[in-house]
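Scope of the values below: all heavy atoms of this structure, side chains included, with no hydrogens, waters or symmetry mates. By convention here, the first residue in the shown sequence is residue 1.
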Amino acid sequence: QVQLVESGGGLVQAGDSLRLSCAASGRTFSSCALGWFRQAPGKEREFVAAISRSVSITYYADSVKGRFTISRDNAKNLVYLQMNSLKPEDTAVYYCAATEVAPWLVVYSTPNQYDSWGQGTQVTVSS
């Protein structure tokens, strides 16, 4: 399995921006479909964004569409989540996820479609 490590979380004010990064180990990163999820206290893990193996397809939760952007750099084994116009309701632990040897043009939006997970990074947005 791919090993994933998130970074870039922190405490920000409403309206600020953050960029999360997720570094992956292994030589199969370019074959992976990737996603970001988040989990707030007392709530279930929810889908945030996904990107296909081909890079050309991205998919977002309605709650973040137009504010968040997912991207990947296969040469560096990195996946990013650029978060703009942050709101207090974006406060959560953010996780990156990967599924190896994914179909070329597929994105996944449910947790059970992913094989590997990072440990998470905390994002806190104050009002």
Stepwise, does the salt bridge (charged side-chain N to carboxylate O under 4.0 Å, His left out) test hold for D90 with K87? CA-CA 5 Å; D90 294 319; K87 304 175 181 180; over 6 Å; no
Could you walk me through whether L18 and V123 satisfy the side-chain contact (heavy atoms from CB on, under 4.5 Å) test, starting with their C-alpha distance in whole Å, then the side-chain angles of each, then the deciding distance to 0.1 Å, before giving a yes or no? CA-CA 9 Å; L18 272 178; V123 173; 3.9 Å; yes
Looking at [X] and [Y], would you say the former's side chain and the latter's main chain have a donor-acceptor pair under 3.5 Å?
X: T91; Y: S126; value: no
X: R53; Y: A102; value: yes
X: S25; Y: Q3; value: yes
X: Q1; Y: D115; value: yes
X: E6; Y: Q119; value: yes

Is there a side-chain contact (heavy atoms from CB on, under 4.5 Å) between Q82 and S71? Walk through the geometry before answering. CA-CA 8 Å; Q82 177 67 44; S71 61; over 6 Å; no
How close do [X] and [Y] get, heavy atom to heavy atom, and via which atoms?
X: A49; Y: L81; value: CB-CD1, 4.1 Å
X: T69; Y: Y60; value: CA-OH, 3.3 Å
X: A98; Y: L4; value: N-CD1, 3.8 Å
X: W117; Y: R45; value: CE3-NH1, 3.2 Å
X: S52; Y: S56; value: OG-N, 3.8 Å

With rounding to the nearest 0.5 angstrom, report the [atom1] to [atom2] distance, [X] to [Y].
X: R19; Y: N84; atom1: CZ; atom2: CG; result: 11.5 Å
X: S109; Y: E46; atom1: OG; atom2: CD; result: 12.0 Å
X: L34; Y: L78; atom1: CG; atom2: CG; result: 10.5 Å
X: L105; Y: I57; atom1: CG; atom2: CD1; result: 4.5 Å
X: I51; Y: C32; atom1: CD1; atom2: SG; result: 12.0 Å
X: L20; Y: M83; atom1: CG; atom2: CE; result: 3.5 Å

Are [X] and [Y] grouped together when hydrophobic residues (ILVMFWY) are joined by side-chain heavy atoms under 4.5 angstrom apart?
X: V106; Y: V48; result: no
X: I70; Y: V5; result: no
X: V2; Y: V79; result: no
X: Y80; Y: F68; result: no

Between E100 and T28, is there a side-chain donor-acceptor contact under 3.5 Å, judged purely by atom types and distance? yes
Under a plain distance cut-off of 3.5 Å, with no hydrogens placed, do Q122 and T124 share a side-chain donor-acceptor pair? yes
Proximity of Y59 and Y108 rings by center, below 6.0 Å: no
Strictly under 6.0 Å, is that where the ring centroids of F37 and Y95 end up? no
Where do F47 and T110 land on the side-chain contact (heavy atoms from CB on, under 4.5 Å) test, with the steps shown first? CA-CA 7 Å; F47 169 74; T110 58; over 6 Å; no
Check against side-chain hydrogen bond (donor to acceptor under 3.5 Å, both in side chains), Y94 and R38: CA-CA 4 Å; Y94 283 72; R38 66 187 182 187; 2.9 Å; yes
Using the ring of F29 (Phe, Tyr or Trp, six-membered ring only), decide whether R72 places NZ or CZ under 6.0 Å from its centre and within 45 degrees of its axis. yes
Would you say that more than 12 heavy atoms from the other residues, nucleotides or ligands in this model lie under 6.0 Å from the NZ of K43, or not? no
